[in-house]
Amino acid sequence: MATMAERTFGQIPGYPEGTTFDSRAELSEAGVHRPLMAGISGNARDGADSIVLSGGYEDDKDLGDEIVYTGHGGRDPRTGVQVSDQALRGGNLALAKSSLEGLPVRVIRGSRHASPYSPESGYRYDGLYTVDDYWHDVGRSGFLIWRFRLLKVPTVPSAAERVGEGRADYSAAPRRETTVLRVVRDTRQAREIKALYDYRCQVCGTRLEGPAGPYAEAAHIRPLGAPHDGPDTPDNTLCLCPNHHALFDHGGLVIEEDLTMTGAEGRLTVHPRHRISNEHLRYRREHYRAPEEEPRPAARTTT
DNA sequence: GGGCCCGCAGGG
DNA sequence: CCCTGCGGGCCC
């Protein structure tokens, strides 16, 4: 009956960047940031979809396009003073998950946030950011804090992504160079493929694991976007470790028709519930495998 | 249902 | 200004 509204990642239709709100209640009603008090909206499974910078956290840094946001926890609720260490759970784990999955986070600034980028009054939606990095530090209080570096996403996505509903088809996955080359966002189906393989590389079986959980990459067999126009569908997606993803993208790993591999040992691991398109594999071989270096006539002659 | 949280209003 | 009480919604 009272089903929880679906968490929406990305921009909320009807509320473009720069939209202002009088109160947290207005922000909540619009769905731009649902919690009325908490600074982080999200959970450990899906990631964080929005945050609010509203002052009060002494270790925050705001450079406009770059924000170092402080996690929550360890504060006396009355005084706001840090009285113990923070842990990687709750909203903190949600932000870490967003970093692992490359999900966009809506950023809202409040007037009480001491920064040249904060609004005069109320709250303002300031666009989408990715969680580029997260780590722990000793804050000014002397207690452990979790810190999240957020970088502004320069382009505005055309459609919002919804978790739990199957209409997440993107024509392209934008990339951005940061400390590493990282996918800005994965589609729902890409995350499902990674889950199906339990984040193990289909080539080597490697499973990378950090404090917030496992990390793998979704690789497209026939690339997205013009002129390849590969679909963002499970039969065109592989779950790979970063090395084999890069090797695959750059033609150093070729998957043959019988799933043996050139550039790696053995056969590609394929889950029984994962159908991979032979057509897309063929396209990849035809366009990315190193061409045979055959001696050719210097000039074509007609007889 | 318990506990948490970057609100908010009101009073001193 | 600071402090207090009272909170709604949501995560676990």
Side-chain angles (χ1 to χ4, degrees), chain A residues 1-9 12 15 19-64 66-101 103 105-129 131 134 136-137 139-141 143-150 162-164 211-213:
Chain A
M1 199 58 203
T3 58
M4 189 181 65
E6 268 174 17
R7 185 179 311 286
T8 303
F9 288 87
I12 304 297
Y15 300 96
T19 303
T20 56
F21 303 83
D22 286 339
S23 65
R24 288 290 296 263
E26 274 191 17
L27 271 170
S28 181
E29 199 173 344
V32 173
H33 185 81
R34 296 198 315 220
L36 287 174
M37 298 181 69
I40 304 167
S41 171
N43 62 36
R45 196 196 59 176
D46 300 328
D49 57 321
S50 58
I51 61 164
V52 173
L53 289 95
S54 191
Y57 275 70
E58 58 199 6
D59 297 297
D60 283 357
K61 284 189 169 59
D62 188 359
L63 306 172
E66 178 184 348
I67 295 166
V68 181
Y69 191 78
T70 310
H72 63 59
R75 303 213 314 171
D76 184 312
R78 290 182 202 172
T79 63
V81 175
Q82 199 75 32
V83 293
S84 62
D85 290 345
Q86 294 183 349
L88 192 60
R89 48 176 153 78
N92 301 347
L93 188 51
L95 278 170
K97 189 74 176 172
S98 288
S99 184
L100 279 171
E101 301 291 341
L103 295 168
V105 179
R106 290 183 299 278
V107 168
I108 296 100
R109 287 186 176 87
S111 59
R112 292 171 55 206
H113 170 55
S115 151
Y117 305 98
S118 54
E120 291 291 319
S121 65
Y123 298 88
R124 187 185 61 223
Y125 168 57
D126 280 345
L128 300 177
Y129 287 68
V131 185
Y134 59 96
H136 53 79
D137 215 336
R140 293 189 193 184
S141 63
F143 292 101
L144 184 150
I145 59 167
W146 281 91
R147 313 187 80 181
F148 302 86
R149 175 181 289 113
L150 293 118
R162 292 175 182 281
V163 163

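Proteins get letters first, then strands, A, B, ... in listed order; numbering begins at 1 in each.
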task: Could you tell me the separation between the CG atom of A:Asp76 and the P atom of C:dC3, rounded to a whole number of Å?
output: 12 Å
- prompt: Residues two or more places apart in sequence or in another chain: which of them pass side chain to side chain contact (heavy atoms under 4.5 Å, CB included) with A:Thr20?
  reply: A:Arg124
message: Between C1' on B:dC8 and CG on A:Leu27, what's the gap in Å once rounded to a whole number?
response: 14 Å
- line: Taken in chain and number order and not counting sequence neighbours, the residues that satisfy salt bridge (charged side-chain N to carboxylate O under 4.0 Å, His left out) with A:Asp59 are none
Partner residues of A:Ala212 under the side chain to side chain contact (heavy atoms under 4.5 Å, CB included) criterion, sequence neighbours left out: A:Leu88, A:Leu93, A:Ala96, A:Leu100, A:Tyr134
query: Can you give the dot-bracket line for DNA chain B, using ( ) for pairs inside the strand, [ ] for pairs that cross earlier ones, | for pairs with another strand and . for unpaired bases, where Watson-Crick and G-U count if both distances are under 3.5 Å?
result: |||||.||||||
task: Count the heavy atoms belonging to other residues, nucleotides or ligands that lie under 6.0 Å from CD of A:Glu58, then report whether that count exceeds 12.
output: yes
Distance, rounded to the nearest Å, where A:Leu93 contributes CG and C:dC12 contributes P: 8 Å
task: Looking at every strand, decide which applies to A:Gly110 at a 4.0 Å heavy-atom threshold: base, sugar-phosphate, or nothing.
output: nothing
- request: Take A:Arg78 and A:Pro35, find for each the nucleotide of DNA chain C with the closest heavy atom, and name the residue whose nucleotide sits nearer the 5' end.
  value: A:Arg78
field: Contacts of A:Asp85 that satisfy salt bridge (charged side-chain N to carboxylate O under 4.0 Å, His left out) - sequence neighbours left out
entry: none
- prompt: Closer to the 5' end of DNA chain C via nearest nucleotide, is it A:Gly91 or A:Thr79?
  reply: A:Thr79
field: Any residue meeting side-chain hydrogen bond (donor to acceptor under 3.5 Å, both in side chains) with A:Glu66, in chain and number order, not counting sequence neighbours
entry: A:Arg149
- request: Please list, chain by chain and in numerical order, all residues satisfying salt bridge (charged side-chain N to carboxylate O under 4.0 Å, His left out) with A:Arg109, sequence neighbours excluded.
  value: A:Asp62, A:Asp126
- request: With sequence neighbours excluded, tell me which residues meet salt bridge (charged side-chain N to carboxylate O under 4.0 Å, His left out) with A:Arg106.
  value: A:Asp49
query: Between A:His113 and A:Ser118, do the side chains contain an N or O donor and an N or O acceptor separated by less than 3.5 Å?
result: no
- request: To the nearest Å, give me how far apart CG (A:Asp22) and C1' (B:dC8) are.
  value: 13 Å
Polar atoms only, N or O, under 3.5 Å: list the protein pairs with nucleotides 3-7 of chain B and their distances.
residue : atom : partner  : partner atom : Å
B:dC5   : OP1  : A:His72  : ND1          : 3.2
B:dC5   : OP1  : A:Gly73  : N            : 3.4
B:dC6   : OP1  : A:Gly39  : N            : 3.2
B:dC6   : OP2  : A:Tyr57  : OH           : 2.5
B:dC6   : O5'  : A:Gly39  : N            : 3.4
B:dC6   : O2   : A:Ser54  : N            : 2.4
B:dC6   : O2   : A:Gly55  : N            : 3.0
B:dC6   : O2   : A:Gly55  : O            : 2.8
B:dC6   : N3   : A:Asp60  : OD2          : 3.1
B:dC6   : N4   : A:Asp60  : OD1          : 3.2
B:dC6   : N4   : A:Asp60  : OD2          : 3.1
B:dC6   : N4   : A:Thr70  : O            : 3.1
B:dG7   : OP1  : A:Arg24  : NH1          : 2.6
B:dG7   : OP1  : A:Ser54  : OG           : 3.3
B:dG7   : OP2  : A:Ser54  : OG           : 3.4
B:dG7   : OP2  : A:Arg112 : NH1          : 3.4
B:dG7   : O5'  : A:Arg24  : NH1          : 3.0
B:dG7   : O5'  : A:Met37  : O            : 3.3

- prompt: Partners of A:Ala94 by side chain to side chain contact (heavy atoms under 4.5 Å, CB included), sequence neighbours excluded?
  reply: A:Ala48
Using a cut-off of under 3.5 Å, enumerate the N/O to N/O pairs linking the protein to nucleotides 10-12 of chain B.
none

- request: Identify, with sequence neighbours excluded, every residue that meets ring pair (Phe, Tyr, Trp, His ring centres under 6.0 Å) alongside A:Tyr15.
  value: A:Phe21
